[in-house]
Amino acid sequence: MTVGSAGSLRRLVTRSDGHPALVVPESGAVLSYAGLQRALDRAAGRLAAIGVREGDRVALAAANGPALIVAFLAVVASDAVAAPLNPTLGEAELTAELGDLRVSRLLHDGVASAVAAADRSDVPASVIGMAEGLLHIDGEAGSALETAGSPDALGLLLHTSGTTSKPKTVPIRQRNLVASTAAVADTYALSGDDVTACVMPLFHVHGLVATVLATLSTGGTVLLPRFRPSTFWDDAARHGVTWYTAVPTIHARLLTGTEVGGPLEHRIRFVRSCSAPLPTALWRRYEETIGVPLVEAYGMTEAAHQMASNPLPPRERRPGTVGLGTGTEVVALDDDWRPVPPGDEGEIAVRGPSVVDEYLDNPAATFAAFRNGWFRTGDVGRLSADGYLSLVGRVKELINRAGEKISPYEVEDVLLTHPSVAEAAAYPVPDEKYGEQVGVVIVLRGDATPRELTLYCAERLAAFKRPVRVTILDSIPKGPTGKIQRRNLAGLVGGGS
Ligand code: ATP
Ligand code: MG
């Protein structure tokens, strides 16, 4: 394993031969490891020249591609702090981000909202792009920079996905990133023979750590396709993709892609699912259609991504669980921070080298969630006696029917076994008698009436878990990382029953 041995990201990319590091299928552009090293040296030099210093916060607003990856690596290799932002945000949102994060520079790829936000907030901005395999960064030259390369240096500032409340900012140190990267690389035995397709955005840890850092640290190749289910399998076959990681929504869309163009001959050895619950019906359909293991993992921003994963065969992957801790201790706690026995539900807490120490500028949230190295995740789950973790929902999303806590995931899992149901999300419907009852919103892929779906649940779920309201929608709103925002659903379909 070559990930910065001292826990710093500076030497993450150790390979420097002609093996392809980054490939853009659409343009045919290939950046070899030798090219990547040159691009990084030059980019770090350019950052120094435009005045980026150790500890400076540098916002990045660019579409997935080699320029964003090289810029990110160059920023952290310079001991500055990268703050990747969603490049599809509007001008006002980006302006607010630049202020909140107190960045000293913005690197962007020319997107109009970023140009306008930089102007409005008076943050010096530079355009980045790849020219002849080198990162071009425009801007006035300043003085050179000295760096310390400390594992304790902040490497990354990221927002949580904002699924349960206003996004919190997570200060991730270089050693956190290195530990999470190593956990991913070790769990799936990644090597220089692997080729991954990057289908997740690079402004969150899922794409950045599990796809890019895990691959570049082990000498493999990152394919950067424009995501389209209709061409994905073709690209994957042509470029010898051996694995990819994504949220369940993307796996479901790629299965639809197989009905159009594939599945073709492929070299895929496993697929990873993370960041949202993987319905068992989807897991089964995916494995049957594509014929490879689909392993579910558990990650979050506060742990620089991966905390647990199902192992690859021949070890047992257990559907409905997120597997075993991967270099992270995992416990289920009661409200007083005491571990509950195996099999009992509790709030999941984690501790380990990838877990951060605090939220940025948010002492109240830090006080509530961090204690003695442990971090309370806000997820409810239970651990089996042999360490497999099942998640039942988020503390804030459990449906509380007269004190009986109902897992939205369990209700959704049942509905998703119905052949006409493409997507399902359960949420609390305010109820005078019980406090809350179960409501569901459904996206159909065949014919079914709300009444039919209610009966379907009645045959498979205990009475108290059955939905009292079934609403059919064209689509279910999701956050920027592809997660269902259950807390918004009640508002979307109207008030109480
Ligand atoms: P916020 O903290 O702002 O509400 P968020 O928790 O969605 O947003 P992230 O850090 O991107 O922000 O996501 C981490 C969360 O994603 C976990 O706490 C968990 O709820 C969920 N998650 C990750 N992997 C899985 C999984 N395999 N199954 C179910 N949930 C998962
Ligand atoms: Mg969270």
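Indexing begins at 1, ligand by ligand and atom by atom, following the structure's order. Only this structure's heavy atoms are used, side chains among them; waters, hydrogens and symmetry mates stay out. In this text the structure is predicted, and so the values were computed from the model without any measurement.
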K.L.:
Applying side-chain contact (heavy atoms from CB on, under 4.5 Å) between T181 and each of L213, T218, L216, report the one that passes.
P.N.:
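In the set L213, T218, L216, the residue that makes a side-chain contact (heavy atoms from CB on, under 4.5 Å) with T181 is L213.
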K.L.:
Taking 4.0 angstrom as the limit and counting only heavy atoms of K168, give me the atoms of ligand 1 inside it, by number and element.
P.N.:
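Contacts of ligand 1 toward K168, numbered from 1: 2 (O).
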K.L.:
Would you confirm whether R173, through its side chain, and D152, through its main-chain N or O, come within 3.5 Å as a donor-acceptor pair?
P.N.:
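At least one qualifying donor-acceptor pair exists.
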K.L.:
Using heavy atoms and a threshold below 4.0 Å, how should the contact between E296 and ligand 1 be classified: side chain, backbone, both, or neither?
P.N.:
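For E296, the contact with ligand 1 is made by the side chain alone.
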K.L.:
Nearest protein heavy atom to atom 25 (C) of ligand 1, by residue and atom, and its distance?
P.N.:
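Of the protein heavy atoms, A276 N, 3.5 Å lies nearest.
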K.L.:
Pick, from V247, T164, T160, the option with the minimum heavy-atom distance to atom 4 (O) of ligand 1.
P.N.:
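Closest candidate by heavy-atom distance is T164.
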K.L.:
Looking at L101, D361, D100, which hits side-chain contact (heavy atoms from CB on, under 4.5 Å) with T169?
P.N.:
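Considering L101, D361, D100, a side-chain contact (heavy atoms from CB on, under 4.5 Å) with T169 is found only for L101.
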K.L.:
Evaluate T301 for polar contact with ligand 1, using N/O atom pairs at a separation under 3.5 Å.
P.N.:
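By distance alone, the answer is yes.
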K.L.:
Looking at R376 and E347, is any side-chain nitrogen of the basic one under 4.0 Å from a carboxylate oxygen of the acidic one?
P.N.:
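The answer is yes: the pair qualifies as a salt bridge.
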K.L.:
Which ligand 1 atoms, with their elements, are less than 4.0 angstrom from a heavy-atom of S275?
P.N.:
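Result: 16 (O), 21 (C), 22 (N), 23 (C), 24 (N), 25 (C), 31 (C).
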K.L.:
Run the contact test for G378 against ligand 1 with a 4.0 Å cut-off on heavy atoms, strictly below, and give the result.
P.N.:
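Contact check G378 vs ligand 1: negative.
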K.L.:
Does R318 make a cation-pi contact with Y388 (under 6.0 Å, within 45 degrees of the axis)?
P.N.:
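Because its charged atom sits under 6.0 Å from the ring centre and within 45° of the axis, R318 does stack over Y388.
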K.L.:
Indicate, as side chain, backbone, both or neither, the part of L391 found under 4.0 angstrom from ligand 1 when only non-hydrogen atoms are considered.
P.N.:
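L391 to ligand 1: side-chain contact only, backbone stays beyond 4.0 Å.
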K.L.:
I'd like to check which ligand 1 atoms, numbered from 1 as shown, lie under 4.0 Å from a non-hydrogen atom of A297.
P.N.:
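Contacts of ligand 1 toward A297, numbered from 1: 24 (N), 26 (C), 27 (N).
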K.L.:
Under the side chain to side chain donor-acceptor pair (under 3.5 Å) definition, can you give me all pairs with a residue in residues 197-208, not counting sequence neighbours?
P.N.:
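For residues 197-208, and leaving out neighbouring residues, the side chain to side chain donor-acceptor pair (under 3.5 Å) pairs sorted by first residue read H206-T245, H206-S275.
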K.L.:
So if I apply the ring-ring contact (aromatic ring centres under 6.0 Å, His included) rule between H251 and each of W283, Y286, F232, which one comes out positive?
P.N.:
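Among W283, Y286, F232, the one meeting ring-ring contact (aromatic ring centres under 6.0 Å, His included) with H251 is Y286.
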K.L.:
In the structure I gave you, are the side-chain heavy atoms of L255 and R285 within less than 4.5 Å of one another anywhere?
P.N.:
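Yes, close enough: below the 4.5 Å cut-off.
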K.L.:
Is the shortest N/O to N/O distance between L278 and ligand 1 below 3.5 Å?
P.N.:
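Not met; the criterion fails.
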K.L.:
List the closest protein heavy-atom neighbour of atom 7 (O) of ligand 1: residue, atom name, distance to the nearest 0.1 Å.
P.N.:
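Going by distance alone, atom 7 (O) of ligand 1 is nearest to T163 OG1, 2.5 Å.
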K.L.:
Looking at P277, which atoms of ligand 1 are within less than 4.0 Å of one of its heavy atoms?
P.N.:
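That gives atoms 28 (N), 29 (C), 30 (N) of ligand 1.
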K.L.:
Considering non-hydrogen atoms of the protein only, which is the closest contact for atom 12 (O) of ligand 1, and what is the distance?
P.N.:
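Among all protein heavy atoms, the one nearest atom 12 (O) of ligand 1 is S161 N, 3.0 Å.
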K.L.:
Of the choices I484, D379, V322, which has the non-hydrogen atom that lies closest to atom 19 (C) of ligand 1?
P.N.:
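Comparing heavy atoms across I484, D379, V322, the nearest one to atom 19 (C) of ligand 1 lies in D379.
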K.L.:
In a check of side-chain contact (heavy atoms from CB on, under 4.5 Å) between P84 and each of L202, V205, L158, which one passes?
P.N.:
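When L202, V205, L158 are each tested with P84, the side-chain contact (heavy atoms from CB on, under 4.5 Å) holds only for L158.
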K.L.:
Between the candidates H159, R394, H204, K483, which shows the shortest non-hydrogen contact distance to atom 9 (P) of ligand 1?
P.N.:
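That would be K483.
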K.L.:
Would you please name every residue forming a side chain to side chain donor-acceptor pair (under 3.5 Å) with H418, sequence neighbours left out?
P.N.:
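Partners of H418 by the side chain to side chain donor-acceptor pair (under 3.5 Å) criterion come out as none, since no residue qualifies.
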